[in-house]
Each structure stands twice: as structure tokens, then as C-alpha cells.
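Proteins come first, then strands; the chains are lettered A, B, ... in the order of their sequence lines, and each starts at number 1. All of these numbers come straight from a predicted model, not from anything done at the bench.
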2 protein chains.
Amino acid sequence: MTVTQSEPVTSGLAATAERPVKVRNCGPPPLPHPKPTGQDRYTISEVSEHTGLSAHTLRWYERIGLMPHVNRTHTGQRRFSNRDLDWLSLVTKLRLTGMPVADMVRYAELVRQGESTFAEREQLLTAHREDVRQRITELQSTLDVLDYKIDIYADARRASERF
Amino acid sequence: MTVTQSEPVTSGLAATAERPVKVRNCGPPPLPHPKPTGQDRYTISEVSEHTGLSAHTLRWYERIGLMPHVNRTHTGQRRFSNRDLDWLSLVTKLRLTGMPVADMVRYAELVRQGESTFAEREQLLTAHREDVRQRITELQSTLDVLDYKIDIYADARRASERF
DNA sequence: TAGAGAGTTCGAGCGCACTCCAAGCAAGCG
DNA sequence: CGCTTGCTTGGAGTGCGCTCGAACTCTCTA
């Protein structure tokens, strides 16, 4: 199955500190950024290419406060960093799992406000995790229904093929 | 078309004479019908209550062809049957798992057209099942990211609580 | 120096899945 | 009889998450 494009997700927190080694889960798979730190200045179309988000959407994300401030050239063009890419990959995951944009904006705000918001961030993510778990359960139960019905159709097909 | 729908009945022990006995999966847990077959004439608000769908939505489903023809009283009020309830519970499951309304309308059309459409129905459901499976994978992978981040926040919290 | 191409902003528009509204009809009750 | 409650319709409105267009600037190559 889709092991979605790998992505080092570490933006809400300092991507700086070395990543704590977790036993139960080694964390998101750290896949290389297209450009090494130091030369990580991506144009909007490069980011669009990399993330699959349209340039329009990227600008819109910034407008609504969903991006943590993107650097600009002296003429005002955006230059995204590896850190921005990390953030976008988190955002994309959260979106795909149905977190409303408003909640993500809230989370982005909290990140901007610094360490004092750790507790609320934890809460927000925990709530979303519960959501996700519940949706997985829902999907599984639908899978049962689908299996059941598909079996019936398949049986009918096989029966008709036999004669 | 007055042709009775040929939709594999998936719920209602009481409703059907005999249901196909499946070995691998006994089918979805049949949510019992509030009223026994024969007296199953529900008003729109009863159905709304039972399904959690608003009366507005129920009428809208009918308008767009997502309901297989609902009986009416002599004055034109809708009276839903147990069969309608079963259909709605399938529709609800499909909706919750992200099947577009247009696809469900297509499926409803096929059901109306009778047994000759079994193959296409099977295809449609199989495609959706693939979709659902993929989304489960996606959700699982996000769960990993969430666990990872929540752990970090929790560690920070515990650390700060210690001092 | 001209022209292509990629970037910018702001605001309008779109598709989906509802959600609501206005106006009207029918049944039951005091 | 009037009142309330619950239903009917067609059509307009809403909220979300983009998506697009117009008009303009900047950069690069020939």
C-alpha cells in the first residue's frame, strides 16, 4: 500500500535538537530533503512539485496563517526552507486525516507562540488522534459491509458463469 | 420503474425470509428495525431520528436519486419502510467512508436497473473498498506521526513537572 | 533591449454536501 | 373555528477548501 511519500515531520518542535530515540516507534521516516541544509531555498514551484500542493494553495496557506513565515528574496519572492517542507508534510498528513483547516491554523498559532503552548498543542493532537482512531474503526466496519456485499455479487457472478 | 430493487439485504434478521449464510463473515451487525415488517411505515422525522440524517437531507437524497422510491400516504407524506432504513444505513456507511454522493447515486441507479447490473455494482464496491483500505493505511501512518509528536510534548510536560 | 516565463497580490468563483427558508397543506385538539 | 404541529415543495444560501483570473513585477536568455 501507499507508504506515502516519506517525510521527516518534525516542525512543530525544534527540528534542531537531536531526535529523541523512541523505543515503541522510531518516529516518522526521515527521508532526505531535496537540498541540504544551508542551500535549502526552494521556489514556490519547487515546493509545489515536491509536496503536490498547488502554488495557489501554498500562498493561500500562508495567507490564512497556516505557514510559519516564509523567507523572501529582496524582490519579494518566496524561498521555502527544509523546515517549511517539514511543516507542510505535517500539515498534509493532518489534512488527509480530516483535521479542519481552522484547527491546523490554531496549531500553527500555538507553534508561533513558543514553548508555553506545549500543553495545548498536546491536547489538540491528542484529540485529533482520538478522532483518527475512531475513523479507522468506522472504516474497518464499512470494510466488513463491503466484503459482505461484494461476496454476494461475486457469488452471483460465479453462479451465472457456471451455467 | 416498479421493479423491486435487487439489492442484497444486509440487515434485519426479521426482515428477510432467509439470508445467505456466509462463513467468513456473518455480515454487518443488523441494527434492529424499530417496527416489525408489515407495520414499517415511518414518518420522515422518525427516520431522521433513527438515522441521524436531517429531514432536509432525507428529502434531498430522494431528489437527487439516492433513494429507491419512497412510499407516500394519500396526502403525499412520505412513509419509509424497513427496506428504506437498510438502504440508508448502507448509504450512511458509504458516506462516512468518503464515497462521493455521485458514486452512490450511480450505485442506486444500478440497483434500480435490476440484476443485470450485478457486475458493475461489484466493481463499484470493489473500487471503493480499495479506497477505504488505502485510507486506513494513511490514517495509520498519521497515527504514528501523532504518537511521535504527542510523546515529545508529553515528555516535555513531564520534565517540566519534575522541576 | 525585447520577450518569455515565473513570480506577486487581491479578490472572485467553484464544487460539494448539505441546510435553510417561505409558503402552503393536512390532521388533531379544545 | 382557530391553533398547533408536522409535513410538503422549489429554490436560495452556507461553509469548507481550494482554484482561478487579472494585472502587474522580476529574472533570465538571446
Side-chain angles (χ1 to χ4, degrees), chain A residues 34 41-67 69-81 84 87-109 128 131 135 138 142, chain B residues 34 41-67 69-81 84 87-109 128 131 135 138 142:
Chain A
R41 292 173 60 75
Y42 307 89
T43 64
I44 199 164
S45 58
E46 283 170 332
V47 175
S48 171
E49 171 78 14
H50 182 74
T51 61
L53 298 164
S54 76
H56 283 302
T57 299
L58 291 169
R59 292 191 200 101
W60 181 67
Y61 277 2
E62 191 176 338
R63 249 193 296 179
I64 63 173
L66 193 42
M67 285 297 302
H69 175 75
V70 178
N71 289 327
R72 303 283 183 132
T73 65
H74 68 107
T75 59
Q77 295 198 355
R78 289 170 184 81
R79 288 299 177 266
F80 294 80
S81 65
D84 295 329
W87 173 255
L88 283 170
S89 101
L90 172 63
V91 162
T92 299
K93 271 212 169 312
L94 295 179
R95 272 303 301 130
L96 278 177
T97 53
M99 181 183 280
V101 166
D103 289 6
M104 296 196 300
V105 169
R106 175 73 188 139
Y107 185 76
E109 251 167 36
H128 184 58
D131 256 43
R135 274 236 302 309
E138 245 165 45
T142 301
Chain B
R41 294 174 57 76
Y42 307 90
T43 65
I44 198 166
S45 57
E46 284 170 332
V47 175
S48 170
E49 171 77 14
H50 182 75
T51 61
L53 298 164
S54 77
H56 285 303
T57 300
L58 290 169
R59 292 192 200 100
W60 180 68
Y61 277 3
E62 192 177 339
R63 250 193 297 183
I64 64 173
L66 192 41
M67 284 298 301
H69 175 74
V70 177
N71 290 326
R72 301 286 183 132
T73 65
H74 67 107
T75 57
Q77 296 198 357
R78 290 171 185 81
R79 288 297 178 268
F80 294 80
S81 65
D84 294 330
W87 173 255
L88 282 169
S89 99
L90 172 63
V91 162
T92 299
K93 271 211 170 315
L94 295 179
R95 271 304 300 128
L96 279 176
T97 52
M99 182 183 279
V101 166
D103 288 6
M104 297 195 301
V105 169
R106 175 73 188 137
Y107 184 76
E109 250 168 38
H128 185 58
D131 254 44
R135 274 237 302 310
E138 240 166 50
T142 302

Study note, to complete from the structure: A correct 5'-to-3' footprint of nucleotides 12-17 of chain C, with B, S and - meaning base, sugar-phosphate only and no protein heavy atom under 4.0 Å, is -----S
Review point. Can you pull the contact range of chain B along DNA chain D, 5' to 3', using atoms under 4.0 angstrom from its heavy atoms?
Key: D/dC7 to D/dG11
Exercise for review: Check the distance between C/dC10's P and A/Ile64's CD1 and give it to me in whole angstrom.
Suggested key: 15 Å
Point to revise | Nearest-nucleotide comparison on DNA chain D, the residue closer to the 5′ end among B/Thr75 and A/Thr75 | key: B/Thr75
Exercise for review: Produce a footprint string for nucleotides 2-7 of chain C: one letter per nucleotide, 5' end first; B if the base is under 4.0 Å from any protein heavy atom, S if only the sugar-phosphate is, - if neither.
Suggested key: -----S
**Study point:** Pair A/Leu58-A/Arg78, side chain to side chain contact (heavy atoms under 4.5 Å, CB included): steps then yes or no
**Key:** CA-CA 10 Å; A/Leu58 291 169; A/Arg78 289 170 184 81; over 6 Å; no
Check your understanding: Can you tell me how far the CE atom of A/Met67 sits from the CH2 atom of A/Trp87, to the nearest 0.5 Å?
Key -> 8.5 Å
Exercise for review: Could you tell me the separation between the NE2 atom of A/His56 and the C1' atom of C/dT8, rounded to a whole number of Å?
Suggested key: 12 Å
Point to revise | A/Glu109: salt bridge (charged side-chain N to carboxylate O under 4.0 Å, His left out) partners, not counting sequence neighbours | key: A/Arg106
Study note, to complete from the structure: Note: for A/Arg72 and B/Ser54 on DNA chain C, the residue whose nearest nucleotide lies more 5' is A/Arg72
Practice item. Assess whether salt bridge (Lys or Arg N to Asp or Glu O under 4.0 Å) is satisfied between A/Glu62 and A/Arg72, documenting all intermediate values. Key: CA-CA 13 Å; A/Glu62 191 176 338; A/Arg72 303 283 183 132; 3.2 Å; yes
**Study point:** Whole-Å distance separating the CD atom of B/Glu62 from the P atom of C/dC18
**Key:** 16 Å
Exercise for review: Answer yes if the side chains of B/Ser45 and B/Ser48 hold a donor-acceptor pair under 3.5 Å, and no otherwise.
Suggested key: no
Point to revise | Side chain proximity check, B/Thr92 to B/Leu53, heavy atoms < 4.5 angstrom | key: yes
Review point. Does A/Asp84 use its side chain to pair, donor to acceptor, with the backbone of A/Ser81 at less than 3.5 Å?
Key: yes
**Study point:** By salt bridge (charged side-chain N to carboxylate O under 4.0 Å, His left out) - contacts of A/Arg135 (at least two apart)
**Key:** none
Review point. Hey, mind stepping through A/Val101 and A/Arg95 against side chain to side chain contact (heavy atoms under 4.5 Å, CB included) and telling me if it holds?
Key: CA-CA 7 Å; A/Val101 166; A/Arg95 272 303 301 130; 4.0 Å; yes
Point to revise | Non-neighbouring partners of A/Glu49 that pass salt bridge (charged side-chain N to carboxylate O under 4.0 Å, His left out), sequence neighbours left out | key: none
Review point. Does the pair A/Glu138 and B/Thr97 meet the rule for a side chain to side chain contact (heavy atoms under 4.5 Å, CB included), with working shown?
Key: CA-CA 8 Å; A/Glu138 245 165 45; B/Thr97 52; 5.7 Å; no
